[in-house]
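This report refers to the structure that appears directly beneath it.
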Amino acid sequence: MNPLFFRSLVGSATSTFSRIMRSIKNSITILIALAGLLTSSCLLAQTPSNEENAPSSSNSQSLKVIVTTSLSNKHQLQLSYPTPVRIKQVLSDSIANINQLTLSNEQAKGSIFWTSAALFKYFPHSQKQHVISQLELLAAHWKGDKRQAVLSLVAQLQQLQIGQRIFTSLDYDQIRVNSAQNPLVSQSMTLVLPPRPNSVLITGAVLQTKWVTWQERFDANNYLEHVVSISSSDNSEAWVIQPDGKVEQHPIAYWNQNHLDIAPGAAIYLGFSSLPAEFSTINKDIVNLLRNRAP
């Protein structure tokens, strides 16, 4: 074969092959581009459908705050918020609408006793029934006045509205000027804004639980004069649960007397002594329930 003709044939074939490969490459590029456009079109077409079927963010995050002057008050406010809200806003809305609640004759209308104001996650407290069951077992161990005191305490705890309290300042004036005391409320809760109470609860190692009228400048000893303590009671200190949930131990023995004020709405708990080993934490458990009680 003529060498010149062979080289010409090979060159022609190579050129043709190159054109075919470029054509194939261009075709692949076009196909990839078309596929990308098709995918994007599909995604864009699906987006409205997904948004229509998904729940709105306001519904999924909405929360409700029940506002009342007392859990025994059948009339309640319900504040609804589409998103988490600061406690300052909740208090402001509550104050603006609290007159819608029906107040008893004993309550001072429009007057909130902020020291007793309380915010709760839920009712009842998760440990309430457990503590009551423990006290019932303790009553089975004891006889006479000790048994009577425990059963009286059980009856009182069953009557009290005890929930999971959020221990944060609810003093509206302080919250307005101190942003650190203005936490975010991110779940449904119950807000109790009571009027000023006029009594103090006395319970624990006493023959009979009793509500005593609050007296200015009365200390723990003054109040304990209104009840009869049992032989197995703490004779040196009494637990005082102030209405804001603060727990204090007030001296009551003659050798450690020190006057400490007690706010209206407080609870005085006289602890049990000489407890069986299996009930060693019962006093602290009861105090914890009392600081979580609703006013």
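Values in this document were obtained by computation on a predicted structure and should not be read as measured data.
- Looking at Q129 and P124, their side chains never come closer than 4.5 Å, going by heavy atoms from C-beta outward.
- No option in Q187, M189, Q164 other than Q164 meets the side chain to side chain contact (heavy atoms under 4.5 Å, CB included) test with Y122.
- Closest approach of S232 to K146, counting heavy atoms only: OG-CD, 3.0 Å.
- Remark: the D93 side chain and the Q89 side chain contain an N/O donor-acceptor pair separated by less than 3.5 Å.
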Audit row: L275, W142, side chain to side chain contact (heavy atoms under 4.5 Å, CB included) steps and yes/no: CA-CA 10 Å; L275 286 163; W142 282 346; 3.7 Å; yes

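- For the residue pair A117 and L193, the shortest heavy atom distance occurs at CB-CD2, 3.9 Å.
- Here the side chains of S169 and W114 are not in contact, with every heavy-atom distance at 4.5 Å or above.
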Verdict with reasoning, V227 to L207, per side chain to side chain contact (heavy atoms under 4.5 Å, CB included): CA-CA 7 Å; V227 295; L207 281 179; over 6 Å; no

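- Within the 4.5 Å cutoff, side-chain heavy atoms of W211 are placed close to those of Q156.
- Between the side chain of N256 and the backbone N or O of S236, at least one donor-acceptor pair lies under 3.5 Å.
- Checking side-chain atoms of D234 against main-chain N and O of L270 turns up no donor-acceptor pair under 3.5 Å.
- For the atom pair OH of Y223 and CD1 of I202, the computed distance is 8.0 Å after rounding to the nearest 0.5 Å.
- Cluster annotation: I66 is not connected to Y81 through the hydrophobic network of ILVMFWY side chains, with a link wherever side-chain heavy atoms come within less than 4.5 Å.
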Working for side chain to side chain contact (heavy atoms under 4.5 Å, CB included), residues D145 and V228: CA-CA 10 Å; D145 63 348; V228 178; over 6 Å; no

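- The heavy-atom pair separating N283 from G271 by the smallest distance is OD1-CA, 3.5 Å.
- At least one side-chain heavy atom of F167 sits under 4.5 Å from a side-chain heavy atom of R165.
- Atom CG in D261 sits 8.0 Å away from atom CD in E216 (nearest 0.5 Å).
- The distance from the CD atom of Q134 to the CD1 atom of I286 is 10.0 Å, given to the nearest 0.5 Å.
- Taking the side chain as every heavy atom from C-beta outward, L135 and L157 approach each other to under 4.5 Å.
- How far NE2 of H125 is from CG of L160: 13.0 Å, rounded to the nearest 0.5 Å.
- Heavy atoms only, all atoms of each residue included: A220 and H250 are closest at CB-CB, 4.1 Å.
- Both L79 and I166 are part of a single hydrophobic cluster, where members link through side-chain heavy atoms under 4.5 Å apart.
- If you chain together hydrophobic residues whose side chains sit under 4.5 Å apart, I252 and L201 never meet in one group.
- Between the side chain of D219 and the backbone N or O of H259, no donor-acceptor pair lies under 3.5 Å.
- Of the possible polar contacts, one joining the S188 side chain to the K64 backbone as a donor-acceptor pair under 3.5 Å is found.
- Looking at N235 and S233, their side chains never bring a donor and an acceptor atom within 3.5 Å of each other.
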Worked check of side chain to side chain contact (heavy atoms under 4.5 Å, CB included) between L71 and F123: CA-CA 11 Å; L71 292 184; F123 289 91; 3.5 Å; yes

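- One finds the CG atom of L170 at 5.5 Å from the CD1 atom of I87 (value rounded to the nearest 0.5 Å).
- For A238 against L224, the heavy-atom pair with the smallest separation is CB-CD1, 4.4 Å.
- S152 places a side-chain N or O within 3.5 Å of a backbone atom of T209 that can act as its donor or acceptor partner.
- Side-chain contact between N292 and N288 is present, with at least one heavy-atom pair separated by less than 4.5 Å.
- Between the side chain of S94 and the backbone N or O of V90, at least one donor-acceptor pair lies under 3.5 Å.
- A distance-only check finds a donor-acceptor pair linking the side chain of K210 to the backbone of H226 [under 3.5 Å].
- Residues P295 and F113 are not in side-chain contact: their nearest non-hydrogen atoms beyond the backbone lie 4.5 Å or more apart.
- V65 and F120 fall into different hydrophobic clusters, where Ile, Leu, Val, Met, Phe, Trp and Tyr residues are linked whenever their side-chain heavy atoms come under 4.5 Å apart, directly or through other members.
- The shortest side-chain heavy-atom distance between W214 and R196 falls under the 4.5 Å cut-off.
- Ring geometry for F279 against H141 counts as perpendicular: the plane angle is over 60°, on a 0 to 90° scale with 30° as the lower cut.
- Closest approach of Q249 to L260, counting heavy atoms only: O-CD1, 4.5 Å.
- Shown here are the side chain to side chain donor-acceptor pair (under 3.5 Å) partners of R147, two or more places apart in sequence or in another chain: there are none.
- Residue Y172 holds its OH atom at 3.5 Å from OG of S92, rounded to the nearest 0.5 Å.
- The aromatic rings of F272 and Y269 sit perpendicular, their planes meeting at an angle over 60°, well past the 30° parallel limit.
- Side-chain heavy atoms closer than 4.5 Å link hydrophobic residues (I, L, V, M, F, W, Y) into clusters, and following such links, even through other members, never connects V192 to I98.
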